[in-house]
Amino acid sequence: MLMMTTGHQEDTLAATRPRPAATSPHTPASTETPASGKHAGHGYITAKDDYLKRLKRIEGQARGVHKMVEDEKYCIDILTQISAMTKALQAVAIGLLEDHIGHCVVDAAVAGGPEAEAKIKEATDAIARLVRS
């Protein structure tokens, strides 16, 4: 199914994503197991189904753009669909980044040490990549 949008569609994952309960600054947000030091789940796990639905929709948009090119549709219509796909992918990326910072980075910061520095650097690098894209 081809979804035609005007580029003004505000379909943000953040508005529909369930929010974890607030934690105190002294309580890690994850369910980290002391024995293994590993997270029980990624930061996006509470919104996994939402992300999968969004990605399926984006996949459908990509198939639609492919068909538009096959059918030799008007260039501007194709570009409009590509713009909508790009915006949808950016919304997913921002949501994942927000979940990562709120879960993985916060947990590492509470634990401190080199892991905290590595997670902050990793998040900073991801933000830089998103800003450049």
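Position 1 is the first residue of the sequence, and the numbers go up from there.
Rounded to the nearest 0.5 angstrom, Thr124 OG1 and Ile101 CD1 are separated by 8.0 Å. Here the straight-line distance linking atom NE2 of His66 with atom CG of Asp71 works out to 10.0 Å at 0.5 Å rounding. For the atom pair CD of Glu122 and CD1 of Ile127, the computed distance is 11.0 Å after rounding to the nearest 0.5 Å.
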*Is there a side chain to side chain contact (heavy atoms under 4.5 Å, CB included) between Lys121 and Glu117 once you walk through the steps?*
CA-CA 6 Å; Lys121 171 84 169 98; Glu117 292 175 23; over 6 Å; no
*Step by step, would you call Glu59 with Lys56 a salt bridge (Lys or Arg N to Asp or Glu O under 4.0 Å)?*
CA-CA 5 Å; Glu59 183 180 358; Lys56 277 285 189 198; 3.8 Å; yes
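Closest approach of Leu130 to Ile94, counting heavy atoms only: CD1-CD1, 4.2 Å. What you find for Met68 and Ile78 is that their closest heavy atoms are CE-N, 3.7 Å. Nearest heavy atoms, Tyr51 versus Leu96: OH-N, 3.1 Å. Closest heavy-atom contact between His100 and Ala123: CD2-CB, 4.4 Å. In terms of heavy atoms, Ala84 sits closest to Gln61 at CB-NE2, 3.8 Å. Across all non-hydrogen atoms, the minimal contact from Arg54 to Ala88 is NH2-O, 3.7 Å.
With hydrogens and angles disregarded, no donor-acceptor distance shorter than 3.5 Å links the side chain of Ser83 to the backbone of Leu79.
Atom CD of Glu70 has more than 12 neighbouring heavy atoms from other residues, nucleotides or ligands inside a 6.0 Å radius.
Hydrophobic clustering places Val131 together with Val105 (ILVMFWY residues linked when any side-chain heavy atoms are closer than 4.5 Å, directly or through intermediates).
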